[in-house]
Amino acid sequence: MIIAVDGPAASGKGTLAAGLARHYGLPHLDTGLLYRAVGLAAAEAAGTPAFEPRAIAAARSLDAAHLADLPRLQGAEAGNLASKVAVIGEVRRALLAFQQDFAHQPGGAVLDGRDIGTRIAPDADVKLFIEADSKARMERRARQFEALGQAVDRYALYHQIEERDARDRANPNGAFYPAPDAHLLDTTQLDIDAALRAAVAIVDGVLAKKAKQNSF
Ligand code: C5P
């Protein structure tokens, strides 16, 4: 079974995807980490002066070592750099096969990102599109950073999130919109447990419907 989980920054999609993966015993890929790693590598690469060729080279040579420093990858700087490299078509193409192979491994997988249901795995068995209003998303992100001991300017963070969303939604290479067969889940008023229960109910509902169709 392939479960695609898409949604904007700090919507809770990563936590939900990890929870679904645990619940159904499936491997999980946070595809945002790939773009974050490429963004950091491009910012740090020496030699080529232009950002775009550095990002393309970083995407083509990405390996597990680039994904090791999780706290740095999860930081605000990496998030902003990620959304800048994510608009480059060649970067997206370089990361495509890895994500598609992960999705289509035997037994299936859970992937979260922006274009999982639309481009990486349009054939996913279940597609979720997670939403939450910008203020709630900012507050969640602020608490995550504070838990890591980082100082947070909530006003700046709110604008960063809005700016990143706008860039992601306008990304001509991105396909960031709910797939026509996606199930929308608004987590604004839900805590993690309630959101996971709602997501599991959606997945179970889809599976039950498919089982019924297959029995005819
Ligand atoms: O999900 P996360 O916030 O880690 O993603 C970081 C950035 O990477 C996003 O803002 C988006 O620009 C990009 N991204 C993408 N497609 C994905 C996953 C992430 O364009 N499948």
Side-chain angles (χ1 to χ4, degrees), residues 2-21 28-43 51-52 55-56 58-59 62 66-67 69-104 109-122 124 127-132 134 136-145 148 157-179 182 185 187:
I2 301 175
I3 304 178
V5 184
D6 290 302
S11 57
K13 65 183 183 315
T15 310
L16 273 181
L20 287 170
H28 167 222
L29 178 66
D30 169 356
T31 62
L33 284 181
L34 306 177
Y35 290 92
R36 286 167 178 264
V38 171
L40 285 177
F51 185 72
E52 188 166 322
I56 295 168
L62 193 71
H66 292 105
L67 303 174
D69 189 354
L70 264 192
R72 179 124 199 270
L73 288 172
Q74 285 166 343
E77 187 204 0
N80 282 327
L81 286 166
S83 74
K84 289 181 183 158
V85 299
V87 298
I88 305 169
E90 274 307 307
V91 165
R92 302 196 79 84
R93 269 188 285 284
L95 301 178
L96 187 70
F98 175 76
Q99 297 174 83
Q100 289 187 327
D101 288 349
F102 192 94
H104 295 97
V110 182
L111 289 85
D112 74 87
R114 300 291 185 293
D115 58 350
I116 309 303
T118 50
R119 193 158 287 163
I120 302 299
K127 299 178 188 177
L128 296 170
F129 194 90
I130 313 301
E131 297 173 307
S134 302
R137 294 189 286 124
M138 177 279 287
E139 195 51 43
R140 283 179 197 159
R141 208 20 74 87
R143 289 187 188 163
Q144 277 169 6
F145 289 149
L148 295 170
L157 187 58
Y158 181 84
H159 286 286
Q160 249 173 37
I161 286 180
E162 291 261 291
E163 194 187 311
R164 187 136 75 87
D165 275 359
R167 202 183 295 135
D168 287 345
R169 289 187 197 278
N171 182 351
N173 298 309
F176 175 37
Y177 48 83
L185 175 57
T187 65

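We count ligands from 1, going down the list as the structure has it; atoms in each ligand are counted the same way. These values consider heavy atoms only, across backbone and side chains, with no hydrogens, waters or symmetry-generated copies.
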Please write down residue, atom name and distance for the protein heavy atom closest to [atom].
atom                    : value
atom 4 (O) of ligand 1  : Arg36 NE, 2.6 Å
atom 14 (N) of ligand 1 : Tyr35 CD1, 3.7 Å
atom 1 (O) of ligand 1  : Arg114 NH1, 2.9 Å
atom 11 (C) of ligand 1 : Asp168 OD1, 3.3 Å
atom 18 (C) of ligand 1 : Thr31 OG1, 3.4 Å
atom 3 (O) of ligand 1  : Arg164 NH1, 3.0 Å
atom 16 (N) of ligand 1 : Arg92 NH2, 3.0 Å

Closer than 3.5 angstrom, by distance alone: can the side chain of [X] be matched with the main-chain N or O of [Y] as a donor-acceptor pair?
X      : Y      : result
Thr118 : Ala179 : no
Arg137 : Pro8   : no
His104 : Gln100 : yes
Ser134 : Glu162 : no
Lys127 : Gly117 : yes
Arg140 : Ser11  : yes
Asp6   : Phe129 : no

Please work out whether any backbone atom (N, CA, C, O) or any side-chain heavy atom from C-beta onward of Arg167 is under 4.0 Å from ligand 1, and answer side chain, backbone, both or neither.
neither

For [X], counting its heavy atoms only, list the atoms of ligand 1 lying under 4.0 Å from any of them.
X     : result
Ala86 : 12 (O), 13 (C), 20 (O)
Ala82 : 6 (C), 7 (C), 8 (O)
Ser83 : 10 (O), 12 (O)
Lys13 : 1 (O)

Spatial distance of atom CZ (Arg141) from atom CD1 (Ile161) [nearest 0.5 Å]
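Here the interatomic distance stands at 6.0 Å.
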
Passes side chain to side chain contact (heavy atoms under 4.5 Å, CB included), Asp69 versus Leu40? Steps please.
CA-CA 11 Å; Asp69 189 354; Leu40 285 177; over 6 Å; no

Below 3.5 Å, N or O to N or O, backbone or side chain included: is there any such pair between Asp115 and ligand 1?
yes

